[in-house]
Peer 1: 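One structure, pasted below without further comment.
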Amino acid sequence: MLTAKDVRQALLIGLWFMFLTFPLLVIKVNTIEDTIIWRWNNMFIIGGVCFVATLALRSGRRLLVQKKQEDASLKNSRLSSRIRTHLHHKMVYLPLLSLVLLFFILFPTQFSTYQTTIMTTALMYVVLGLGLNIVVGVAGLLDLGYVAFYAVGAYSYALLNLHFGLGFWTVLPVAGLLAALFGVLLGFPVLRLRGDYLAIVTLGFGEIIRMVLENWSEFSHGPSGISNIPRPGLFGLDLSLNQSIIYTYYLMMLMVAFTIFVVNRLQNSRIGRAWFALREDDIACQAMGIDKTRTKLTAFALGAFWAGMAGVFFAAQNTYVSPKSFTFLESAIILCVVVLGGMGSIIGIILGALILILLPEYLRAISDYRMLVFGATLVLMMIFRPQGIISTVRRTYTLKR
Amino acid sequence: MLEIKNIDVFYGNIQALHGVSLRVNQGEIITLIGANGAGKSTTLMAISGIVPPRSGSILFEGRDISAMAADEIFKLGLCQVPEGRHIFPELTVTENLDMGAFLRRDSKGIAQDLEYIYQLFPILAKRRHQPGGNLSGGEQQMLAISRALMSRPRLLLLDEPSMGLAPLITKQIFDIIRTINQEQHTTIFLVEQNANLALQTAHRGYVLENGRVVMQDQAAELLSNTAIQKAYLGI
Amino acid sequence: MYCYAPMEYFIELTFSGLTRGSIYALIALGYTMVYGIIGLINFAHGEIYMIGAFTALIASSVLTYLGLPLPAILILAALAAIIWSAAYGYTMEKIAYRPLRDAPRLSPLISAIGMSIFLQNYVQLAQTADYLPFPALIPEFDFLEPYAGIVGSTDLVILVVSALGMIGLMLLIKYTRTGKAMRATAQDKKMALLLGINVDRIISITFIIGSGLAALGGVLIASHIGQINLYIGFIAGIKAFTAAVLGGIGSIPGAVLGSYILGLTEAFATGYVSSDYEDVFAFSLLVLILIFRPAGLLGKATIEKV
Amino acid sequence: GEPIKIGVAGAHSGDLASYGLPTLKAAQLIVKDINANGGINGSEIELLIEDEACKPEIATSTATKLVSSGVKVVIGHICSGATKAALPIYRDAKVIAISPSATTPDLTQSGDYPNFYRTIGSDAVQARYVVDFTLHTLKAKKIAVIHDKADYGKGLAEYALKFIKDSGEAKVVLFEGVTQGAPDYSAIVQKIKRFRADAVIFGGYHPEASKIVSRMRQKRLSIPFISDDGVKDDTFIKVAGKYAEGVYATGPADVSQSPIGIEYREKFKQSEGKEPGAFFDNAVTATLALTNAIAKAGSTDPKAVATALHNEEVDTPFGKIKFDDKGDPIGIGFSIYQVQEGKYVQVQ
Amino acid sequence: MEPLLSVEDLTMDFGGIRALDQVNLRIHPGEIVALIGPNGAGKTTFFNCLTGMYTPTGGTILLNHQGKGGKRINGLKPNKVTELGLARTFQNIRLFSNMSVLENVMIGRHCRTRSKIFGAIFRDPATLREEEDIIGISFALLERIGLADQANTFAKNLPYGAQRRLEIARALATEPTLLLLDEPAAGMNPQETLELNELIFSIKDDGLSILLIEHDMKMVMALSDHIFVMDYGRKIAEGTPDEVRYNPAVIKAYLGEEDVRA
Ligand SMILES: Nc1ncnc2c1ncn2[C@@H]1O[C@H](COP(=O)(O)OP(=O)(O)OP(=O)(O)O)[C@@H](O)[C@H]1O
Ligand SMILES: Nc1ncnc2c1ncn2[C@@H]1O[C@H](COP(=O)(O)OP(=O)(O)OP(=O)(O)O)[C@@H](O)[C@H]1O
Ligand SMILES: [Mg+2]
Ligand SMILES: [Mg+2]
């Protein structure tokens, strides 16, 4: 399997990483206490690990290539496409769907409230991911400031409740619309921008919103945030903490279902097609009579809408909002959900959100290494599945006569 | 000079070439014709090392180049003008031409060749300080061929040089192809949709169908072959 | 209340703006180079800068312990920072970006975000999350003493180095073969390959140069601020990225111009309005400029040829 | 009998871990002692440790987790924001929380969280000390109040602003926030110069403080710099180096002479090999107060524990303390320190 | 008869370069008009000005919209121009490569349909009917260009010639009165070009006017009713195929000697 060349290569890579990590991993300085600690064993651990990993990777890759060659004659032999064709079969996906649904419905009864809270959060990211997917995945507009709309939603609930005593259900649609309005506001100046210029402006927009929330204390209570936000009500019933958490969970599930329904219908409509086309080639798009301005603005508005609603859920679940929760990292994670899941694929994004939000939770066991592993996972996932967990499948049409 | 033996080329899981074999002799103009998607461009890309074949071998002057990196292959004197021209859009015309001579270090020779090119294509001289991306389609094609010539290749691979060119220019370009072949003894591997013209220019030809070589012969023979006439010459 | 001479105040603010601008510029140059060549917003670039600063800190501590004189420490520490940052940049490109060269456009971006998170935590685990004092490696110049209220020695060094960095890079790109190859690679990788340019190597070189510059920035800035921790890269990175876009991303003079404008805007916003909203000003300026020049100040706003 | 569950929540990872970890250690040290002596009324104490990295949204879920695992008393959280986010959950679950370090006045003063206690003076109290010192000892007339835009710093600065205004003895010539992590603060320093301030009050933490103070001194601006607890940290002196000299900072009253304080500091040094960081004494106090109250109450019944916290004095590094009816500590005050020859020295 | 499109003194500058210099051109309903000229003459630029991709520096473009007389269309946005009945293909194919062949054509229907967000979500009868119409018309167009059985493959996976035809179908889906084709036969072999000729004739038979840029002289001569010849941004000749074929200026600038004999 492994040739001498492989071993030599692995050795070189091991040595390279020993060199690379030498200053940071071996020498630990503390300029406060003026100490220098030498940790030579780290160097050898790294060298060894890299050596073994390289060998493993190489033999693994070789196996894979061989297998690929064997399979090459068979079209569609790839696992993912095989799964996909099976999934399209009603006999398979209906029972599967009900099983998944059952799992989610029974979740709070089988797991602790803590687990339920985490799952609620993960579901929130499903909604966020699906919303951002409209902008990034479908319309192809790279938005790095999506968290701004999330913040708009969360603060809408916090403030409207604080000042006017408006309840969860009243604010939910209002916040969605407000966020959509912000989406349009952001959309206007950036219409002419392309690709990565758009990215930086949206990033800036996200930061501006956060900074305004931080500094304009009279309006937003500044960095100390707003607490005591009521949880969602249920016909004025008095819910205990546990009940209320479970109730929020089910609401969130409904919200996810609603989002999936709407987003799916939007994607497969006249507007959805225009968004896709815009992503593919905006010049051809205009030549086909599509109003670029309006199409972009609807994408921004409809994407932001979901973030606004998710924001209300966020505020209600935590009963507390502060600008700290709406940093760029949050935008980045939502973007990761979309890309990792597979741009434009609803199932992919659901999987992406569950993985990315639940993963760090369950990595708490190795708390120190958790974000390290998280970062590495992002890189590895991209290397092995650059198109995301599930790549987009365009809808097929048949002619009804 | 160049010998391709039984190569299979894949894009992911899709096989584009099935056991293609062909040879190019020193000093020849060889043409490869075939319908859209037959695999002509793929053959050229395999030779240039952009899409290495999964099996089979490519010998250039006896050396197996099938696993070599593209830049190494180029150094051996193989230069390709790819389909779609691939002009560097933000470099000026002159800079584009300079890039062709990237590996050369004889600045005098380069300057001479530049003059020669500007004589060959006066329009390029006129546009020499324009960014390549602003040229019209035909101008870009001329630039692409000229850029390849700047590397003084021994084997020139041309992918559909006549695409989008005015009749006059097409004629000019084919004249130039013949000229380079005769005067500079550059061997030429020509891929062309305009089969008529290609077969009139070339010494020998190969016909590619669905990734397989289905016919090979002297160009004149192919030109008069009725099956070829019906399928590719529109007669 | 406003008894302070307005002109003097303006000049002071201008200098503080230029200092900030130079700091951004040192990082923005690397951003813009990498973007120029592979079209990637390298979110991990800030982390490379941070690693440079840490390496310099480690090197200078060890060297101080060995009892070397200050100038030698400065030079050796900077050298170590440059070497190791370049090595990190090179390795990062190989691991996280090269396999994704033909992937959809956003995949390398996510990979970069992942890399940024990874490197931050790597440094935290290997070293510490606390702020560490960074020794003042740059000596105080006596001739600046009369102007101490306006400009300090580190400010001056940073100003000069970022200017030199820009000029050097421009010369490199315009006149050297490597530079030409970089430009060609940036515009059409496949064609560059077909013309015998080793594209992989050119991209590696770009990362090495960009990372080295960031490391140099790291040393200078850390010794200007006097402390480092693992988040310095992220914040500075975002600003530098903004500056690069402002100037027209991919353009080297653009990155420097954008950095100065950004630095000056922040200084004047603080000086004449309020530092509460300095970032708001910075980003608003960005939006404003991009509205009128969608490709940044020095970016080429060509009509796309159809 | 059944072990007594105590939650410990705070930042144990991330950039604020240096505030959270000493707390955790303090709780562990004390609990180890108690358990070694047979526990409280025969029951062992079990610590449930939760890391929220000072993030509000994580704090709510960790709070939920603690509550759902049956915890009735919690030591934490560390940061005010996270505490604020977690408190409603504790309140609704009738869980008592005692923080060693959350200083936002609201937490106790608003009356929203009757279940909350802390072993640290609130920002309002601290701001009072800072302002009184600046006005009466330093006799400043034109004061620049700067903060770091974050919860703690801005809150403190706002109280300082209010107290100065109320006193009518001096003018606030500048009230502004600086951006955390910005590479250079020259502009704000020029502005302080321009307004001819004769003292700077800064609300925030040491990284920003050292950057500002260094810039001030480099620009030859030598007016007094008075800051808070977040700056009274030896790291500040190390980072700012010679520029730290003369800086004033408030901090919890000096406990270096108290036997209990010394005892636990020594234990910490033995097990960790370094000096305990910020809030360690407060955390020791919180743990002692809480375990004492549980012992006195005879159970973790919130009502009984609350009564004990309010009424039973307990020996701590800060001396004998108990809690007022809002949950603030009686007996824990602040002192003013100044950096002199590279050390914080109590000046008032 | 009133012309469908009349262009007067159209001028377009790029920085220092004058790509179009006072070009005049008329197209009457039902005509196939060809625009030929050497590479870089400005033909594509002319198209770009007509379709709103570029805003011309000078001159007027008048479109006779639904018999309501000339409407000035310079500087209108491309989508507006398309709505008014001008549709085009591109010299460098610009399909929506990751969408299916059918969807590419369906996009062409966009400007002739109306359903909004509400309809998309609730799928009311009107929307459903509209959607079915879109599919029906698109399928019909695919059948016409012979790609119906490939309807659900990605556009990028089509052979080159098929992609060119798909571009035409997509343009036809916008229900144009004037179809602009930019080198539709480029990259096709002579056999495929013959098939394309048939298609273009059949489009003409439907009453559309066509403006064609093409370098394949056989095709141009066979199809066109009228030919305009450009060089260096100026019109250098116009007339019937035969007039143009023997025009010495055209031969010198464009055709070269042989074609005269051919
Ligand atoms: N990058 C690619 N990925 C996947 N398939 C490809 C790729 N490039 C080409 N193909 C497929 O390989 C086959 C051969 O393509 P190739 O470009 O070599 O044809 P060609 O003979 O040059 O045709 P044309 O006349 O259109 O240029 C075609 O079926 C094409 O769809
Ligand atoms: N966006 C642009 N910016 C600058 N110059 C341009 C631009 N577009 C076209 N040109 C210039 O205008 C001239 C005409 O170009 P155009 O593309 O219209 O030629 P063409 O007649 O279509 O040629 P071909 O038959 O080769 O496609 C060319 O010289 C070209 O360089
Ligand atoms: Mg081809
Ligand atoms: Mg053209």
Peer 1: In terms of heavy-atom pairs under 4.5 Å with chain A, which of E:Thr89, E:Ile117, E:Thr174, E:Leu95 leads?
Peer 2: E:Ile117
Peer 1: What's the separation between atom OG1 in E:Thr113 and atom CZ in A:Arg270, rounded to the nearest 0.5 Å?
Peer 2: 4.0 Å
Peer 1: How about E:Phe90 and A:Ile283: do any of their side-chain heavy atoms sit closer than 4.5 Å?
Peer 2: yes
Peer 1: Output the distance between atom CE (A:Met288) and atom OG1 (E:Thr82), rounded to the nearest 0.5 Å.
Peer 2: 6.5 Å
Peer 1: Could you grab the distance from atom CG of A:Asp281 to atom CD1 of E:Ile93, nearest 0.5 Å is fine?
Peer 2: 12.0 Å
Peer 1: Could you tell me which portion of E:Thr51 (side chain, backbone, both or neither) has an atom closer than 4.5 angstrom to a non-hydrogen atom of chain A?
Peer 2: neither
Peer 1: Which residues, numbered in order, of residues 295-302 of chain A come under 4.5 angstrom of chain E by heavy-atom distance?
Peer 2: A:Thr298, A:Leu302
Peer 1: With chain E as the partner, which of A:Ala277, A:Cys285, A:Ala274 has the greatest number of non-hydrogen pairs under 4.5 Å?
Peer 2: A:Ala277
Peer 1: Relative to chain A, which segment of E:Arg112 carries a heavy atom at a distance below 4.5 Å: side chain, backbone, both, or neither?
Peer 2: neither
Peer 1: Start with the C-alpha gap between E:Lys156 and A:Glu280, add the side-chain angles, then the distance that decides, and say whether salt bridge (Lys or Arg N to Asp or Glu O under 4.0 Å) holds.
Peer 2: CA-CA 11 Å; E:Lys156 66 175 174 195; A:Glu280 292 293 309; over 6 Å; no
Peer 1: Evaluate the side-chain proximity of E:Ile134 to A:Arg273: yes if any heavy-atom separation is below 4.5 Å, no if none is.
Peer 2: yes
Peer 1: Heavy atoms only: give me the nearest A:Ala287-E:Pro78 pair and the separation to one decimal.
Peer 2: N-CB, 4.5 Å
Peer 1: How long is the gap from NE2 on E:His110 to CG on A:Asp291, to the nearest 0.5 Å?
Peer 2: 8.0 Å
Peer 1: Please classify the contact of E:Glu167 with chain A as side chain, backbone, both or neither, using a heavy-atom distance under 4.5 Å.
Peer 2: neither
Peer 1: Under 4.5 Å between any side-chain heavy atoms of A:Ile290 and E:Asn79, yes or no?
Peer 2: no
Peer 1: Taking side chain as everything from C-beta outward and backbone as N, CA, C, O, which of these in E:Leu102 sits under 4.5 Å from a heavy atom of chain A? Side chain, backbone, both or neither.
Peer 2: side chain
Peer 1: Could you measure the distance from the CZ atom of E:Phe96 to the CZ atom of A:Arg279? Nearest 0.5 Å is fine.
Peer 2: 12.0 Å
Peer 1: Distance from E:Glu130 atom CD to A:Ser269 atom OG, nearest 0.5 Å?
Peer 2: 10.5 Å
Peer 1: Hey, are the side chains of A:Asn268 and E:Arg123 touching, using non-hydrogen atoms and a 4.5 Å cut-off?
Peer 2: yes
Peer 1: Can you give me the closest heavy-atom contact between A:Phe276 and E:Met99, atom names plus distance?
Peer 2: CB-CE, 3.7 Å
Peer 1: Pick one of side chain, backbone, both or neither for E:Leu84, based on which atoms fall under 4.5 Å of a heavy atom in chain A.
Peer 2: neither
Peer 1: Please determine, among E:Lys80, E:Glu83, E:Met106, E:Lys77, the option with the most heavy-atom pairs under 4.5 Å with chain A.
Peer 2: E:Met106
Peer 1: Applying ring-ring contact (aromatic ring centres under 6.0 Å, His included), can you list everything that pairs with A:Phe168, at least two apart in sequence or on another chain?
Peer 2: A:Tyr157, A:Phe313
